[in-house]
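To start, the structure itself, in structure tokens.
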Amino acid sequence: MIENRYQPSAVEGRIYKAWEDAGAFRAGRPERAKAEPYCIVIPPPNVTGSLHMGHALNNTLQDILCRFERMRGRDVLWQPGTDHAGIATQAVVERQLAERKLPSSREMGREAFIKRVWEWKAESGGTIISQLKRLGASCDWSRERFTMDEGLSRAVMKVFVTLYREGLIYRDKRLVNWDPKLKTAISDLEVQQVETKGHLWYIKYPIEHHANEFIVVATTRPETMLGDVAVAVHPDNERLKHLIGRHAILPLVGRRIPIIADDYADPEKGSGAVKITPAHDFNDFEVGRRHDLPLINIFDADAHLDLKDNAAFLKAVPASAEFDATMALHGLDRIAARKNIVERLEALGLLEKIEATSHVVPHGDRSGAVLEPFLTDQWYVDAKTLAQDAIAAVRERKTVFVPAQWEATFFNWMENIQPWCVSRQIWWGHQIPAWYGPDGKIFVAETEDDAVADALAHYTDIEEITVEEGHDIAADPDRRGRFARDYIRRDEDVLDTWFSSALWPFSTLGWPDETPELKRYYPTSALVTGFDIIFFWVARMMMMGLHFMKEIPFRDVYIHALVRDATGAKMSKSKGNVIDPLELVDKYGADALRFTLAAMAAQGRDIKLSEQRVEGYRNFATKLWNAARFAEINGCGRDPEFDPRRANETLNRWIAHEAAKTGREVTAAIEAYKFNDAAAAIYRFVWNVYCDWYLELIKPVLTGVDGAAKSETRAAAAWALDEILKLLHPFMPFVTEELWRVTAENGAKRGHMLVLESWPVHDRLDNAEAETEIGWVIDLIGAIRSVRAEMNIPPATMLPLVLAGVTPPTAERAKRWSDFVQRLARVGEISVADTAPQGSLQLVVRGEVAALPLKGVIDLAAERARLAKEMAKAEADIARVDAKLGNANFVARAPEDVVEEEKEKRAEAQGRKAKIAEALERLKGAA
RNA sequence: GGGCGCUUAGCUCAGCGGGAGAGCGUUCCCUUCACACGGGAGAGGUCGUAGGUUCAAUCCCUACAGCGCCCACCA
């Protein structure tokens with residue numbers, strides 16, 4: 001017995017558990033051993049995060065694909081898991097420590113801190129998984145992985161070591177984007193360029209030995225002048241080139257710096273001369289390299305001035321009062337230093353002018369801090385080399401982006417890719433498997449044991465020492481450990497989180513072991529993700545997958561929109577501006593939210609979720625529920641004997657025809673990743689075809705006499721409902737599964753839960769005659785309803801209907817469908833006559849006249865106006881078509897079928913016009 | 001400075017070569033025995049502007065305007 005109202009919260013949990021208990025989501029179910037595999041790897045959410053709207057969209061789309069393919073008989077693996085999200089997670093735990101007034105990470109030390117993060121992971125790591133389950137995600141949870149679990153960590157180590165040995169990972173000292181707040185290097189991608197209002201300071205640098213002669217440089221960062229090592233002038237700069245080869249004296253410091261010639265100095269920009277600070281500017285770094293200039297780093301890791309004990313800074317600077325004042329700035333932060341320096345320059349009369357300017361300032365996307373180009377040793381991946389195969393794979397369409405426009409974005413970045421800085425100065429993550437000997441020798445190895453072995457082989461003198469002690473180090477793990485601690489030191493840095501994410505499509509399947517899963521499910525079928533991580537993630541998976549598996553990681557990449565918050569800002573777990581999808585699930589059910597997201601999946605880059613829309617799709621679920629209740633009340637139960645191809649009743653053949661059409665639409669749309677089209681097709685079929693017409697039309701049959709027609713109709717109604725449940729299941733899994741269960745009580749037993757049912761393939765169900773027949777009935781009822789509303793005929797008035805001058809087939813039709821028309825159009829007796837009775841409303845339906853006699857109560861003027869309007873419409877239609885057909889070019893050049901179509905249109909409009917003209921004539925007669 | 005996208009009904013958006021659609025909102029009618037989270041009937045758009053291509057343009061091309069995004073080292 002179907003409850004009066006569907007209550008999502010009361011059934012969703014139970015249904016999800018039933019799916020899991022049945023092992024419905026398990027990959028490699030024995031009965032599908034020979035089935036074609038279908039695999040999606042989930043974009044792993046932050047382990048300590050919670051579900052936001054972006055996750056809801058992303059996972060709804062993946063779930064639709066997985067459920068669809070599962071119903072199509074594929075062996076589906078939706079591989080779930082979570083990401084350790086290095087910087088983000090570390091920041092969360094550090095914030096917690098601060099809030100609870102506990103010792104900071106630095107105070108407690110690395111080991112204790114990492115332990116703490118693992119505890120936090122254990123505590124909150126399950127949250128997002130349980131939230132995905134509430135959404136209905138059909139992942140194979142038995143295979144859940146974590147980027148820092150043992151297997152995946154082994155994959156990370158192996159990849160690092162392999163790339164190192166291939167020369168594709170290397171250590172380099174160069175400028176990096178340094179986040180002074182997090183005190184770590186970050187990659188180019190993590191830099192946000194922010195348009196900022198600032199100033200351009202024009203500073204006069206005195207020329208050596210010429211106290212009254214200056215070279216003026218313009219800068220947005222005056223504080224970095226302490227690290228200046230040169231001033232550059234364009235070699236063709238007529239105004240300034242005479243200074244090339246001479247020296248300037250750096251104000252406030254007294255350092256003697258050369259004036260050099262370099263193309264980089266644009267005569268049109270600033271003052272035409274540019275200060276060169278190689279340790280604090282990416283361009284200047286390059287200039288410095290070209291001219292073999294020294295690097296003077298004036299900041300520490302916090303971006304505070306670091307001047308004392310700074311050999312490079314102090315080198316060859318004569319003593320002066322100004323220099324002493326500058327030294328006093330040691331330890332000051334950038335902004336305070338800037339203020340001081342500008343003030344002192346002004347006092348010295350060395351500040352020529354200040355211009356207001358707007359320029360881009362790099363910020364860290366996690367911390368929001370202003371970044372500092374900072375000279376450090378970091379690990380880099382040679383992305384340029386790895387990118388080549390990835391570019392080729394997309395060019396050759398081995399991997400296809402949907403929508404294709406994203407390929408351009410992909411190429412644009414990949415073809416200009418820079419070395420990828422993968423080391424991070426934080427603790428939560430995969431510690432880099434590199435050990436340093438006392439002489440700086442680097443040992444890169446997958447395990448500490450291996451590194452120790454390498455070191456032992458290298459430092460033969462140390463081996464001698466241990467031999468003297470009478471121990472064979474190679475055979476004694478404890479000694480080896482001590483040796484490692486005492487003589488080689490592991491790199492303290494960890495890898496960029498995206499390094500492990502890049503391996504996700506194969507590391508989750510067991511690589512580096514040659515597992516059956518790896519063999520069966522790689523390459524994966526599709527990747528579903530947002531455009532914001534095409535570079536961070538998609539491109540890097542392509543590079544790593546091709547390099548280590550020698551094959552693309554996925555065939556299709558479906559890129560969906562981002563869900564933004566009310567202000568249009570990107571929602572992110574670290575910003576905390578998330579809208580909680582679970583509130584919507586609580587309120588309207590998971591199905592309603594899922595359907596909403598699927599229906600909106602075609603939108604562009606922004607999705608602004610409207611709660612009203614979710615409410616509308618909740619109503620849709622309720623509508624379906626009530627349709628099922630109606631079917632139950634009327635004894636419609638599943639009949640395995642029912643074959644829609646052999647249905648006798650036109651209505652039943654018609655609904656089978658419509659179901660087949662819808663099935664094809666939904667299938668084609670999902671195959672093309674057009675989730676919104678698929679959702680619209682099934683929505684229309686359920687509401688506007690099945691409920692609005694089919695169920696209404698079969699009411700006379702269901703309430704009529706028992707017999708073959710009635711029993712067939714009951715079976716057909718149940719059959720069509722089943723088809724609906726199947727087609728809708730990927731979008732609304734809960735309500736459909738629940739209806740699948742409860743409707744089984746009224747008919748033959750089900751073989752499976754709906755989740756494992758086969759997707760409908762509707763062969764030979766098309767039926768043009770049924771479509772024409774029912775189309776006529778629908779048109780007739782629609783025309784009568786319209787005119788009744790327009791002429792204000794009360795619903796209770798049951799007017800007789802007279803079909804005037806119709807052909808015998810129409811008269812037959814009218815007879816066949818009189819019960820139906822009477823009920824839905826609220827008309828009385830239906831008869832056939834040669835002409836419409838005097839004083840009746842005359843409707844033209846498919847070229848024939850249907851009349852509603854009103855026995856003198858008809859408002860002649862209103863009726864005349866109505867017919868005149870129809871007439872005008874018909875004439876306009878004819879004129880439009882005539883204009884086309886009268887155009888010789890159109891007839892000559894348009895495709896034949898288009899011309900034919902226009903001719904048919906004209907014939908139809910002309911026929912309609914003739915009937916309306918007759919009706920107007922009769923109306924005159926009545927007057 | 002490059003690149004991409006958007007501009008369609010009051011709102012949120014589909015459609016993208018043969019005279020426009022959905023949801024919500026709105027107007028009128030209906031408490032008809034599945035459903036008022038409902039039923040029926042409407043109103044509402046010169047598809048940003050100007051050119052061009054075409055027999056035909058909301059849809060293709062060009063320019064312009066407005067909005068948004070991505071990438072980029074110009075002081």
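First the proteins, then the strands, lettered A, B, ... as listed; each starts at 1.
- With a 3.5 Å limit on both pairing distances and Watson-Crick or G-U wobble geometry required, the stems of 3 or more pairs in RNA chain B span B:1-7 with B:65-71, B:10-13 with B:21-24, B:26-30 with B:38-42, B:48-52 with B:60-64.
- Between A:E870 and A:R912, no side-chain nitrogen of the basic residue sits less than 4.0 Å from a carboxylate oxygen of the acidic one, so the salt-bridge criterion is not met.
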Please list every donor-acceptor pair under 3.5 Å in which a side-chain atom of residues 894-906 of chain A meets a protein atom from a residue at least two apart or in another chain.
| from | atom 1 | to | atom 2 | distance (Å) |
| --- | --- | --- | --- | --- |
| A:E902 | OE2 | A:K905 | NZ | 3.1 |
| A:R906 | NH1 | A:D882 | OD1 | 2.9 |

Would you list the protein and nucleotides 72-75 of chain B atom pairs, both N or O, that sit under 3.5 Å from each other?
| from | atom 1 | to | atom 2 | distance (Å) |
| --- | --- | --- | --- | --- |
| B:C73 | O2' | A:N283 | ND2 | 2.7 |
| B:C73 | N1 | A:N283 | OD1 | 3.2 |
| B:C73 | O2 | A:N283 | OD1 | 2.3 |
| B:C73 | O2 | A:N283 | ND2 | 3.2 |
| B:C74 | N4 | A:D266 | OD2 | 3.4 |
| B:C74 | N4 | A:K269 | NZ | 2.8 |
| B:A75 | O3' | A:T220 | N | 3.3 |
| B:A75 | O3' | A:T220 | OG1 | 3.3 |
| B:A75 | O2' | A:A218 | O | 2.1 |
| B:A75 | O2' | A:T219 | N | 3.2 |
| B:A75 | N7 | A:K269 | O | 2.9 |
| B:A75 | N7 | A:G270 | N | 3.0 |
| B:A75 | N6 | A:D266 | N | 3.4 |
| B:A75 | N6 | A:D266 | O | 2.1 |
| B:A75 | N6 | A:K269 | O | 2.7 |
| B:A75 | N1 | A:D266 | N | 3.1 |

Counting primed atoms, P, OP1 and OP2 as sugar-phosphate and everything else as base, the B/S/- map of nucleotides 30-36 of chain B against protein heavy atoms under 4.0 Å is S---BB-
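- Counting distance only, with no hydrogens placed and no angle test, the side-chain atoms of A:R618 and the base atoms of B:C37 include a donor-acceptor pair under 3.5 Å.
- A:P794 comes within 4.0 angstrom of no nucleic acid atom, judged by non-hydrogen atoms across all strands.
- Here A:D877 pairs with A:K873 in a salt bridge; the nearest charged N to carboxylate O distance falls below 4.0 Å.
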Using distance only, find each side-chain donor-acceptor pair of residues 685-693 of chain A under 3.5 Å and give its atom names and separation, not counting sequence neighbours.
| from | atom 1 | to | atom 2 | distance (Å) |
| --- | --- | --- | --- | --- |
| A:N688 | ND2 | A:D692 | OD2 | 3.3 |
| A:Y690 | OH | A:A717 | O | 2.8 |

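- Among B:C69, B:C24, B:A14, the nucleotide with an atom closest to any side-chain atom of A:D677 is B:A14.
- Geometrically, A:R540 engages A:W420 in a cation-pi contact, judged by NZ or CZ lying under 6.0 Å from the ring centre and within 45° of the ring axis.
- Residues satisfying the side-chain hydrogen bond (donor to acceptor under 3.5 Å, both in side chains) criterion with A:K710, sequence neighbours excluded, are A:D706.
- The closest side-chain donor-acceptor pair between A:T743 and A:E632, if any, does not fall under 3.5 angstrom.
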